[in-house]
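Numbers restart at 1 for each chain; the letters A, B, ... are given by sequence-line order, proteins then strands. Everything numeric here is computed off the predicted structure, so don't read it as measured data.
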Amino acid sequence: MSFECLTTDSQTSARRGRLTLPHGTVETPIFMPVGTQGTVKTLHPDDLVALDAQIILGNTYHLNLRPGLEVIEHFGGLHRFADWDRPILTDSGGFQVWSLAKLRKITEEGVRFQNHLNGATMMLSPEVSMQIQATLGSDIAMLFDECPPYPCDEKYAVDSLALTTRWAKRCKEWVESNQPRSGDGLQKHFGIVQGSTFADLREQSARELVELDFDGYAVGGISVGEPEHEMIRAIDNAVPFLPKDKPRYAMGLGTPPQMLEMVARGVDLFDCVMPTRVARHGQAFTLDGPIVIKNEKFRLDDRPICETSPPQVARFSRGYIRHLFKANEMLGLRLLSIHNLNFYLRLMEQARAHIEAGTFLDFKDNFIQRYNRKSS
RNA sequence: GGGUAGAUGGCCGAGUGGUUAAAGGCGACAGACUGUAAAUCUGUUCACGUAAGUGUACGAAGGUUCGAAUCCUUCUCUGCCCA
């Protein structure tokens, strides 16, 4: 059993779990920093270890394009290539089909697209994606799905979901004929629930995937520009049909309050570019909500970013970090990236502790109330 | 002293009779960002007004013209060249 549910919250659907993977154990609920191109932007792997990041992401589309499989194979897989010996989850490239939409054509076989680097025509299919992820050697490989846009009409959603399900079967068949049957050291495979904003489709998708039996289940098709209530609905419409003894992953989420709401609904895994991207754009998360460090009001502010800042960031004043951003200095990007990832990781750490202590609901409500309160 | 080029909004810099409150860049001030084509993108940036608009403004003063940042005169200042 690779996933163990240790504690279940009595007031919410939150659970405290443990996921055992080839490169280590992951305590859930957990946030997974995004390292698309084999690096969490601006950070050294030692930084991630210092922040106690337990698992990070890599991306099939991007890594296949550059440096290319031959290079990664030469270096013995993504872990050795990037010198990261903890777990890695790789996304299948399905999201890039959506985000690079102008350059692609979806067929039964897969997706034919012009890559964004040199425009060459390439093909990504269930088999190709699984093959690439196997070569990357990630701990968790995501199935190749189609991520429908938002908004999305029902006809499109029905057809798209049917395709995603057929692709899921092909992914499973590829894995069964190319990888050993079982074992703790084996790559895990997560199915992705689609169905857009339609409750019946979400349920159908979840049931079909569970029927196929994967190691874990993700909810996809969210974080594509939909309003927050649709995001939450998508989770509510899918989670009840997912097995309790398998990990659940909300793809691409979210803000700190969103993650806590999702934990309360029984989600175990999160990933999001937000903490690292907005950090590079000068935004920092604090217990009182996000702040834009570039704002003039921080010019003479000698306080640290937030009481949650780790020591390597807390030693610097807001005024100094503001200066780094105004002067375009790289250290600023790095400091806020560290700060924001720490904020996300500690938030999940606290969520785990409160689930164990039976105080999660109060913790969540208090956190969100303070986070959303308008203050300077 | 002679010659020559120039003086534009916080800075740099287009513009050489009307469509110019004046391109563009920088700076400044805000905003956005959710399975990363993102150290990116968007908005604002003379004054007053929510706005229509009004007033000032392209070194200074005067002039030509229906109309001038743009043409003419004088002056001031700056760069370069020659003595």
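With both ends at atom C1', the span from B:A68 to B:G17 equals 6 Å, rounded to whole Å. For the P atoms, the distance from B:U44 to B:A38 is 26 Å, rounded to whole Å. One P atom belongs to B:C12, the other to B:G2, and the distance between them is 30 Å to the nearest Å. On the P atoms, B:U8 is 14 Å away from B:G79, given to the nearest whole Å. B:U78 and B:C72: their C1' atoms are spaced 23 Å apart (whole Å). Between the P atoms of B:G31 and B:G13, the separation comes to 33 Å (whole Å). Across B:G3 and B:A60, the matching P atoms stand 25 Å from one another, rounded to whole Å. On the P atoms, B:G24 is 14 Å away from B:G15, given to the nearest whole Å.
You cannot call A:His62 stacked on the base of B:U36; the centres under 5.5 Å and planes under 30° rule is not satisfied.
Taking the side chain of A:Lys41 as heavy atoms from C-beta on, and the options B:U36, B:C29, B:G35, the nearest nucleotide is B:U36. Out of B:U34, B:A30, B:A39, the shortest distance to the side chain of A:Glu296 is found at B:A30. You'll find that the side chain of A:Val292 is closest to B:G31, out of B:G31, B:U36, B:A30. Considering only the side chain of A:Val34, B:U36 comes nearest among B:A39, B:U36, B:C29. Minimum atom distance to the side chain of A:His281 is reached by B:C33, of the listed B:C33, B:A37, B:A28. Between B:U34, B:U36, B:G31, one nucleotide has an atom nearer to the side chain of A:Asn59 than all others, and that is B:U36. Listed nucleotides B:C29, B:G31, B:U36 differ in distance to A:Asn295; the shortest reach to its side chain belongs to B:G31. Of the listed nucleotides (B:G35, B:A30, B:U34), B:U34 has the atom at the smallest distance from the side chain of A:Ser223. Closest to the side chain of A:Val278, out of B:A28, B:A30, B:C33, is B:C33.
Shown here, B:U4 forms a base pair with B:G79; the pair counts as Watson-Crick or G-U wobble because both key distances fall under 3.5 Å. The partner of B:G27, taking Watson-Crick or G-U wobble pairs whose two distances both stay under 3.5 Å, is B:U45.
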Exercise. Please report the C-alpha distance between A:Lys105 and A:Val111 in whole Å, then the side-chain angles of each, then the deciding distance to 0.1 Å, and finally whether the side-chain contact (heavy atoms from CB on, under 4.5 Å) criterion is met.
Key: CA-CA 6 Å; A:Lys105 173 151 178 67; A:Val111 184; over 6 Å; no
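Checked against a 6.0 Å centroid threshold, the rings of A:Tyr61 and A:His116 count as neighbours. Here A:His354 and A:Phe363 bring their ring centres to under 6.0 angstrom of each other.
No engagement by A:Gly220 is indicated, since no non-hydrogen atom pair under 4.0 Å with the nucleic acid exists.
Look at CZ on A:Phe31: it is 12 Å from C1' on B:U36, rounded to the nearest Å.
No hydrogens or angles considered: a donor-acceptor pair under 3.5 Å links the side chains of A:Glu208 and A:Gln204.
Phosphate proximity of B:C29 to A:Arg322: present, with a side-chain N or O under 4.0 Å from OP1 or OP2. Not one side-chain nitrogen or oxygen of A:Lys297 sits closer than 4.0 Å to the OP1 or OP2 atom of B:A30.
A cation-pi arrangement is found for A:Lys172 relative to A:Phe214, the charged atom lying closer than 6.0 Å to the ring centre and inside a 45° cone about the ring normal.
A residue-by-residue look at A:Leu333 and A:Ile222 shows that A:Ile222 has its nearest nucleotide of RNA chain B further toward the 5' end.
A salt bridge links A:Glu261 and A:Arg265; the closest N-O separation between the charged side-chain nitrogens and carboxylate oxygens is under 4.0 Å. The pair A:Lys169-A:Glu173 does not meet the salt-bridge criterion, since no charged nitrogen lies less than 4.0 angstrom from a carboxylate oxygen.
At a cut-off of 3.5 angstrom, counting only N and O atoms as typed in the model, there is no donor on one side facing an acceptor on the other between the side-chain of A:Gln96 and the base of B:U36. Judged by distance alone with a 3.5 Å cut-off, a donor-acceptor contact links the side chain of A:Thr276 to the base of B:U36.
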